[in-house]
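Reading through the structure tokens given below for one structure.
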Amino acid sequence: MNHIFTNDTSSRPLIYVLFIGGAADKESFLWGNVNLPLKSPWPHRITYHLARRFHFRMFRYLQARWHLPSVFVRHYYRCDYLSYTEIFYREAKRYHDASVPSLRLNPAFIRLCQNIGQHTQVFIVGHSLGGWNGAHLSRILAAHGIRCRFLVTLDPVGCGNHDIRIAGHLMRQAQIYHNIPVPVANKWMNIRGFHIRLAENRFSAEWENWVSWAGGQWLIKTAPPESHLLVNQCTQYSHRQAENMFTCPTRLGLSAASALMQEIEAVLQNAGLPPLNN
């Protein structure tokens, strides 16, 4: 786990934002000598840069809106950048929605929960395989008494290829959960990238879109009430363009990034921190 956005790794903040990267974001995919054909040097850190930009925007906003010194902002707010493998717990790989196994003895899960206190509000933003595992994490946390307040999935991948079974073995070996996620969140926004359709001769010149095609984009059609899916929007952005998906307007009239900031502001106001610069 990277505590790159806070100096205090011992406190349990009121707001805990998790950005979860996908394949080759923080590490190479599957094994040390297997890389995906993206254009940037390894690892590409798409989600890292997304998280970093959001964090500094949020940090400055909190300082200006509430006139809080840096030390107090860190007390209320924390942002971490993780790989999808860091929230994969092998004993839960094939769990079913109603039977999430207890992970209270899992060292990685214990480390994650050490950042979550009784009043901590959890926010999850996942891209690609990070969106798939992040959606699963929301249910795993709920099974352990921790509810995700806001979930954002950006072009989530993990179903396995829809057209031909070229990636089945790789996806079985990958550190991702086997079944389709059924998230548990107070609010959920899903933004999908460009979708290749071989049957309709809809191809792409972008390698990144073939990567998401091979892994199997999660094509969400419906969601149960417990998921509270507010937005399920398709875009033409490349799989790599997580920032564009995160900041593009939705049918709600605001982007996922803006909606996330509004939720964080609401948490602070409910905690008794009214803005000082009205």
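Only a predicted model underlies this, so the values are computations on that prediction, with no experimental measurement involved. Residue numbers count from 1 along this sequence.
- Side-chain contact between S128 and H239 is present, with at least one heavy-atom pair separated by less than 4.5 Å.
- No side-chain N or O of S238 forms a donor-acceptor pair with one of E206 less than 3.5 Å apart.
- Between P13 and T120, the shortest heavy-atom contact is O-OG1, 2.6 Å.
- With N133 contributing its side chain and I20 its backbone, the two residues share no donor-acceptor pair below 3.5 Å.
- Smallest separation of non-hydrogen atoms from I196 and N209: CD1-O, 3.6 Å.
- In this structure, I146 and C113 approach most closely via the heavy-atom pair CD1-SG, 4.0 Å.
- Counting heavy atoms from C-beta outward, F54 and L260 have side chains that approach closer than 4.5 Å.
- Taking the ring centre of Y81 as origin, the terminal cationic atom of K26 falls inside the region bounded by 6.0 Å and 45° from the ring axis.
- Note: the hydrophobic cluster containing M245 also contains L230 (ILVMFWY, side chain heavy atoms under 4.5 Å, direct or indirect links).
- Across all non-hydrogen atoms, the minimal contact from P224 to V182 is CG-CG1, 3.4 Å.
- Note: the hydrophobic cluster containing L50 also contains Y61 (ILVMFWY, side chain heavy atoms under 4.5 Å, direct or indirect links).
- Between F88 and Y177, the angle of the ring planes lies from 30° to 60°, which puts this pair in the tilted group.
- N115 and R12 are not linked by any side-chain donor-acceptor pair at a separation below 3.5 angstrom, with hydrogens and angles left out of the test.
- Side-chain contact check for F203 versus W210: some heavy-atom pair is nearer than 4.5 Å.
- Both V231 and F123 sit in one connected hydrophobic cluster of ILVMFWY residues. Membership requires side-chain heavy atoms under 4.5 Å apart, directly or through other members.
- By the rule that hydrophobic residues join a cluster once side-chain heavy atoms approach within less than 4.5 Å of another member, L62 and I15 end up as members of one cluster.
- If you take CG on N232 and CZ on R251, they are separated by 9.0 Å, rounding to the nearest 0.5 Å.
- Distance check: E91 CD to F109 CZ gives 10.0 Å after rounding to the nearest 0.5 Å.
- Geometric assessment of R202 against the ring of F194 yields a positive cation-pi assignment under the 6.0 Å and 45° thresholds.
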Evaluate the criterion side-chain contact (heavy atoms from CB on, under 4.5 Å) for residue pair L268 and L14; output intermediate values, then yes/no.
-> CA-CA 8 Å; L268 292 171; L14 178 63; 4.0 Å; yes

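- Of all non-hydrogen atoms in R147 and A185, the two that sit nearest each other are NH2-O, 3.6 Å.
- The side-chain hydrogen bond (donor to acceptor under 3.5 Å, both in side chains) test applied to T235 returns no partner, not counting sequence neighbours.
- Here OH of Y89 is found 7.0 Å from CD1 of I140. Values are rounded to the nearest 0.5 Å.
- Distance NZ/K187 to CG/L252: 9.0 Å, rounded to 0.5 Å.
- Screening T250, D155, T153 for a side-chain hydrogen bond (donor to acceptor under 3.5 Å, both in side chains) with N190, the sole residue that qualifies is T153.
- Under the 4.0 Å criterion applied to side-chain N and carboxylate O atoms, E265 and R65 are assigned as salt-bridge partners.
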When you look at F150 and M189, which way does the side-chain contact (heavy atoms from CB on, under 4.5 Å) test go after all the steps?
-> CA-CA 8 Å; F150 198 90; M189 296 178 71; 3.5 Å; yes

Determine, step by step, whether N179 and H96 satisfy the side-chain contact (heavy atoms from CB on, under 4.5 Å) criterion, reporting the C-alpha distance in whole Å, the side-chain angles of both residues, the deciding distance to 0.1 Å, and the verdict.
-> CA-CA 7 Å; N179 296 311; H96 294 283; 3.8 Å; yes

Just do the side-chain contact (heavy atoms from CB on, under 4.5 Å) check on T85 and E27 with the steps written out, would you?
-> CA-CA 9 Å; T85 62; E27 59 208 358; 2.5 Å; yes

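- Atoms CZ and CD, on R90 and Q175 in that order, are 5.5 Å from each other to the nearest 0.5 Å.
- A donor-acceptor pair shorter than 3.5 Å can be found between the side chains of Y77 and H55.
- At least one donor-acceptor pair closer than 3.5 Å links the side chain of H44 to the backbone N or O of A23.
- Annotation: side chain of L82 is in contact with side chain of I87 (closest heavy-atom distance under 4.5 Å).
- At least one side-chain heavy atom of L137 sits under 4.5 Å from a side-chain heavy atom of L18.
- Side-chain contact check for W132 versus P181: some heavy-atom pair is nearer than 4.5 Å.
- In this structure the side chain of V125 reaches within 4.5 angstrom of the side chain of F246, judged on heavy atoms.
- Here the CZ-CD1 distance, from R149 to I124, works out to 14.0 Å after rounding to the nearest 0.5 Å.
- Note on W188: it clusters hydrophobically with I180, by side-chain heavy-atom contacts below 4.5 Å among ILVMFWY residues.
- Taking every heavy atom of both residues into account, S138 and C148 meet most closely at CB-CB, 4.0 Å.
- Between the side chains of Y84 and D25, no donor-acceptor pair is found at a separation under 3.5 Å.
- Remark: side-chain polar atoms of S258 are not paired, donor with acceptor, to backbone N or O of L254 under 3.5 angstrom.
- A 4.5 Å side-chain heavy-atom check between R139 and E226 finds at least one atom pair inside the cut-off.
- For the residue pair Y95 and H178, no side-chain donor N or O sits within less than 3.5 Å of a side-chain acceptor on the partner.
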